[in-house]
Amino acid sequence: MAVRKNFTFSDMDLWLNQRQVTEIECLVPDLTGVARGKILPRTKFTNERGMRMPEAVLGMTVTGNYPANDVAYFRAISQTDRDMVLRPDPSTITVVPWALDPTAQVIHDCYFPDGSLVDFAPRSVLRRVLKLYADKGWAPSVGPELEFYLTARNNDPDLPLRSPIGRSGRAETSRQIYSIDAVNEFDPLFEDIYDFCELMQLDVDTLIHEIGAGQFGIDLLSCEPLAMADNVFFFKRTLREAALKHNMYATFMAKPLANEPGSAMHVHQGVNDSGTGLNLFSTPEGAPSPAFYHYIGGLQRYMPAAMALAAPYVNSYRRIVRHTTAPINVQWGLDNRTVGFRVAESTAQERKVENRVIGADANPYLAFAVTLACGYLGMTEEIEPSAMTVGSAHALDFELPRGLPQALNLLRAEDKLRDVLGERFVDVYAAIKDQEHLEFMTVISPWEREHLLLHV
């Protein structure tokens, strides 16, 4: 979304008046990236300038459950189910293009009754990391490439997903990477997506067909990380709504189809000097700077411990397998898509690092926070990276966690990441993910019934 600097409540009221808005969707991104909140009449929204919601809304699993006996969790989240105060961020106001009546949506920040930010809210975590950069005089930017699948509607979760029917009347069955005709199969949907994004002022860029059958990717133009996280939050919601309008699903699940590649959110990240605007990753002569190498070193050192945020679900680790389009280690290389951290060919001022580890299912606020945190620690600790990988990294050893329990153990044990992201946030997040894994382990899969029922 176009960044509105110094956009005030008065500016927001004028914006609402110009569009004759009658309802406001007051949104809070939860830890899964789901939009929670309330729908208010315009008058009530204007008069109250906020609302209240239970603190526990930010402490739920993706299924809506809560950890029962985690001591650290209940040190952070009140057992009395108290309210937090939600205040709208005027800069995030935008239309709801699929609504029947003139409706707006606005993202809210979460505050404790004493006026301090709720430290385990995703937006607060990203703000915390960005303040560390600001205190150094650094201005980071991010530009994600977001992959997703279109599927036929599926009302039975026990049945595998299928590719949707395109305008030819046939479903895609083969891999059509970069095929223009395969994208054109869904022209009516993508025209709606671009129209919706234009109305919302979302700066979407290139649309391509990815490797998988029914898999697509879209780039968002680089900008300041908090604004970009808001953009991704809005875009995911927009894409799902547009797909439903065309009788199909859009999913950001990391591995929705067993025999197709997973979906990633590749994040290009750079850091400029706040005063001069010059890229800190380049020397005045245009060569890679020490800060550039230290940033990569930080990603290599800390990203394994950050995987629980970059790959937040049990399904996420089905994507991180050898000889697919996903990395399995923390190697880095120049224009090399087999490594975890790719450096594209660019000018000195545009030099960036692409984190290819993050899944499409990651909460954008937390994904940006944690990858920037790793880079920040690398620069402040002056961590040297390994030698650049030349050739494929797929045959090298695994260096990333292979499942959610291992990832959570690494996250809890990494004190420096805990300091940067916030102790209470890590405690709440890890407790929720433990609970999700427990819930998953109660489900018996078709594979188990097929291969174990009569053979063991």
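Using the six-membered ring where Trp is involved, Phe292 and Trp332 have ring planes that are perpendicular, over 60° apart on the 30 and 60° scheme. Using a 30° and 60° split on the angle between ring planes, Phe440 and His437 fall in the tilted class, from 30° to 60°.
Ion pairing between a basic and an acidic side chain is recognised when a charged N comes within 4.0 Å of a carboxylate O; Arg128 and Asp119 show no such pairing. A salt bridge links Glu414 with Arg301: at least one charged nitrogen is closer than 4.0 Å to a carboxylate oxygen. Salt bridge Asp361/Lys255: absent, no basic N to carboxylate O contact under 4.0 Å. For the pair Asp109 and Arg127, the salt-bridge criterion is met [side-chain N within less than 4.0 Å of a carboxylate O]. With salt bridges taken as basic N to acidic carboxylate O contacts below 4.0 Å, none links Arg319 and Glu147.
For the side chain to side chain contact (heavy atoms under 4.5 Å, CB included) criterion with Leu299, the lone passing option out of Val330, Thr371, Ile383, Leu377 is Thr371. Applying the salt bridge (charged side-chain N to carboxylate O under 4.0 Å, His left out) test between Glu354 and each of Arg356, Arg351, Lys352 identifies Arg356 as the sole match.
Within 6.0 Å of CZ in Arg337 there are 12 or fewer heavy atoms belonging to other residues, nucleotides or ligands.
Across every non-hydrogen atom of Tyr66 and Ala56, the tightest pair is CE2-O, 3.3 Å.
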Would Val95 and Met200 count as a side-chain contact (heavy atoms from CB on, under 4.5 Å) here? Give the steps. CA-CA 6 Å; Val95 298; Met200 296 171 65; 4.1 Å; yes

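Using a 3.5 Å distance cut-off with no hydrogens or angles, the side chains of Asn65 and Gln435 do not pair a donor with an acceptor.
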